[in-house]
Amino acid sequence: MIITTPRFTIIEDGAINKLKDVLKKLNLKNPLVITGKHTKKYCKFPYDIEYYDKILSQTIKKQDYIQYDCIVGVGGGRAIDTGKYLAYKLGVPFISVPTTASNDGIASPIVSIKKPSFMVEAPIAIIADTEIIKKSPKRLLSAGMGDIVSNITAVLDWKLAYKEKGERYSESSAIFSKTIAKELINYVLNSDLSEYTNKLVKALVGSGIAIAIANSSRPASGSEHLFSHALDMLKEKYNLNVNSLHGEQCGVGTIMMSYLHEKENKKLSGLSTKIKESLKKVNAPTTSKELGFDEDIIIEALTIAHKIRNRWTILRDGLNREEAKKLAEETGVI
Ligand SMILES: NC(=O)c1ccc[n+]([C@@H]2O[C@H](COP(=O)([O-])OP(=O)(O)OC[C@H]3O[C@@H](n4cnc5c(N)ncnc54)[C@H](O)[C@@H]3O)[C@@H](O)[C@H]2O)c1
Ligand SMILES: O=P(O)(O)OC[C@@H](O)CO
Ligand SMILES: [Zn+2]
């Protein structure tokens with residue numbers, strides 16, 4: 001198993017201006033920049049630029065990109081994910097330049113733009129300009145909290161799979177991932193949030209690295225992500241016009257899945273409420289209404305989540321409609 005982690009990680013105001021130095025250190029000379037329409041304004045570099053939706057609308061042919069020796073993703077989750085995917089297809093390194101902090105894709109060795117998500121190499125460098133990220137839409141920064149609290153239930157599910165199914169489990173990456181989430185939750189609940197963005201970026205980078213060390217998304221993706229992926233599936237199935245973000249969906253999923261864990265383990269009592277309070281403090285959604293879904297979609301997502309992928313979690317062989325409805329009601333999600 002080859003574990004790849006970023007060579008350089010820069011998290012500071014003005015970091016984007018160091019892209020040239022990082023390329024030089026890595027002996028990379030001709031990048032292609034992948035970005036989105038709202039974030040092209042940050043790409044003040046002398047390199048070729050393509051929009052991520054153009055890349056996704058066509059079949060990637062290696063010969064069309066032969067002149068580039070790396071890909072640089074500048075933007076939100078989809079821009080970064082598309083750049084990471086293109087780099088994988090071309091067999092060249094990827095440099096992640098997030099302009100917001102909405103999920104841990106900024107550092108993870110995972111491509112989610114194609115379903116199901118799959119492992120690729122970690123970005124060779126992460127350049128997180130906190131000055132730009134701080135100015136990004138607040139809603140995106142709230143969504144990032146959802147992809148961090150997810151680590152709590154992801155690790156609980158991973159431990160359950162180890163105990164009940166003998167699945168491979170890495171204590172070190174589990175503790176790393178869980179601690180990142182607990183630290184951010186405690187900071188959010190006990191502070192004025194003045195350092196929130198900086199701490200969120202570090203947490204998302206750490207979460208991506210925990211995935212790299214485990215060589216699996218297990219430290220950051222459990223039953224709460226199954227619920228989020230189920231919502232994504234239902235959005236497509238029913239052609240729903242709901243623009244909820246990955247992190248927002250995962251946050252609501254974490255409230256419910258931590259409640260299921262709490263019911264089986266007295267030592268966890270109060271966990272779901274604490275998670276909900278931390279999401280509320282950063283204005284992240286905590287109900288189906290705030291997410292934009294009708295109650296019956298939430299219930300249906302809960303009943304199909306366990307089938308999304310072969311990953312053993314607290315959902316075990318799945319909830320029926322009554323159990324799903326009860327869970328969503330008792331946690332205040334519906
Ligand atoms: N690979 C992984 O580990 C992983 C994990 C979770 C999600 N993802 C990917 O992330 C996507 C979701 O990402 P998302 O929640 O960021 O949504 P998104 O990428 O769909 O939308 C983010 C929006 O915010 C805009 N934006 C970003 N930075 C901005 C800035 N500084 N100022 C103004 N606008 C800015 C972008 O242009 C975009 O319109 C998923 O579809 C998936 O592809 C990947
Ligand atoms: O493996 P998945 O479930 O796509 O998870 C990846 C990432 O979303 C974890 O935060
Ligand atoms: Zn996630």
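For ligands, and for the atoms within them, numbers begin at 1 and follow the listed sequence. Since the model is a prediction, treat every value here as computed from it, not as a measurement. In this chain, residues are counted from 1 in sequence order.
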| query | Which option, Lys41, Lys114, Arg78, Glu248, owns the non-hydrogen atom nearest atom 20 (O) of ligand 1? | reply | Arg78
| remark: Checking heavy-atom distances from atom 12 (C) of ligand 1 to each of Asp104, Asn103, Ile80, the winner is Asn103
Relative to the heavy atoms of [X], which atoms of ligand 2 are at a distance of less than 4.0 Å?
X: Ser117; answer: 1 (O), 2 (P), 4 (O)
X: His229; answer: 2 (P), 3 (O), 4 (O)
X: Asp147; answer: 10 (O)
X: Arg309; answer: 1 (O), 2 (P), 3 (O)
X: His246; answer: 8 (O)

Close-contact set for ligand 1 against [X] heavy atoms, below 4.0 Å:
X: Ile113; value: 43 (O)
X: Tyr42; value: 31 (N)
X: Lys84; value: 1 (N)
X: Ser108; value: 1 (N), 2 (C), 3 (O)
X: Ser102; value: 14 (P), 15 (O), 16 (O)
X: Gly105; value: 1 (N), 2 (C), 3 (O), 4 (C)
X: Thr100; value: 27 (C), 28 (N)

Is there a polar contact between ligand 1 and [X], counting only N or O atoms under 3.5 Å apart?
X: Tyr52; result: no
X: Thr99; result: yes
X: Ala79; result: no
X: Asp147; result: no
X: Ile110; result: yes
X: Ser136; result: no

| query | Does ligand 1 have an atom under 4.0 Å from some heavy atom of Ala143? | reply |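 For ligand 1, residue contact (heavy atoms, under 4.0 Å) with Ala143 is absent.
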| remark: In Glu329, Glu323, Glu322, the residue satisfying salt bridge (charged side-chain N to carboxylate O under 4.0 Å, His left out) with Lys325 is Glu329
Could you tell me whether the side chain of [X] and the main chain of [Y] form a donor-acceptor pair under 3.5 Å?
X: Lys307; Y: Thr303; result: no
X: Lys44; Y: Lys41; result: yes
X: Ser207; Y: Ala203; result: no
X: Glu224; Y: Gly222; result: yes
X: Arg218; Y: Ala174; result: no

| said: With a cut-off of 2.8 Å, does Asp147 put an N/O/S atom close enough to the Zn ion (ligand 3)? | reply: yes
| N/O/S atom of Cys250 inside 2.8 Å of the Zn ion (ligand 3), strictly under |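 Coordinating: no.
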| field | Contact check: Arg311 vs ligand 2, nitrogen or oxygen atoms, below 3.5 angstrom | value |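 Looking only at distances, the answer is no, because the N/O contact criterion of under 3.5 Å is not met.
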| task | Assess whether side chain to side chain contact (heavy atoms under 4.5 Å, CB included) is satisfied between Ile16 and Phe45, documenting all intermediate values. | result | CA-CA 10 Å; Ile16 199 164; Phe45 344 98; 3.9 Å; yes
Protein heavy atom at shortest distance from [atom]:
atom: atom 4 (C) of ligand 1; answer: Ser112 OG, 3.2 Å
atom: atom 7 (C) of ligand 2; answer: Asp104 OD1, 3.6 Å
atom: atom 32 (N) of ligand 1; answer: Pro137 CD, 3.6 Å
atom: atom 17 (O) of ligand 1; answer: Leu245 CD2, 3.8 Å
atom: atom 9 (C) of ligand 1; answer: Asp81 OD2, 3.5 Å
atom: atom 24 (O) of ligand 1; answer: Leu140 CD1, 3.3 Å
atom: atom 1 (O) of ligand 2; answer: Ser217 OG, 2.7 Å

With a 3.5 Å cut-off and no angle check, do the side chains of [X] and [Y] form a donor-acceptor pair?
X: Ser102; Y: Thr100; answer: no
X: Lys235; Y: Asn243; answer: no
X: Glu167; Y: Trp312; answer: no
X: Glu262; Y: Ser258; answer: no
X: Gln249; Y: Ser228; answer: yes

| task | Please note down the angle at the Zn ion (ligand 3) between NE2 of His246 and NE2 of His225, to the nearest 10°. | result | 90°
| request: Carefully, step by step, assess Arg321 and Glu300 under the rule salt bridge (charged side-chain N to carboxylate O under 4.0 Å, His left out). | output: CA-CA 7 Å; Arg321 276 192 67 81; Glu300 185 175 354; over 6 Å; no
| query | In terms of ring plane angle, is the pair Tyr85 and Phe118 parallel, tilted or perpendicular, where the classes change at 30° and 60°? | reply |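 Perpendicular.
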| query | Is the closest protein non-hydrogen atom to atom 39 (O) of ligand 1 under 4.0 Å? | reply | yes
| task | I would like to know whether Leu226 and Arg309 meet side chain to side chain contact (heavy atoms under 4.5 Å, CB included); could you show each step before the answer? | result | CA-CA 8 Å; Leu226 294 179; Arg309 79 197 293 177; 3.6 Å; yes
| Passing option when His225 is tested against Asp147, Thr153, Asp157, Thr254 for side chain to side chain donor-acceptor pair (under 3.5 Å) |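 The passing option is Asp147.
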| request: Measure from NZ or CZ of Lys159 to the centre of the six-membered ring of Tyr169 and say whether it is under 6.0 Å with the direction within 45° of the ring axis. | output: no
| message | What verdict does the side chain to side chain contact (heavy atoms under 4.5 Å, CB included) test give for Leu315 and Met257, after you've listed the backbone C-alpha separation in whole Å, the side-chain angles of each residue and the deciding distance to 0.1 Å? | response | CA-CA 8 Å; Leu315 291 167; Met257 301 307 164; 3.9 Å; yes
| task | Could you point out which residue of Ile152, Ile209, Val155 forms a side-chain contact (heavy atoms from CB on, under 4.5 Å) with Ser177? | result |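 The option that passes is Val155.
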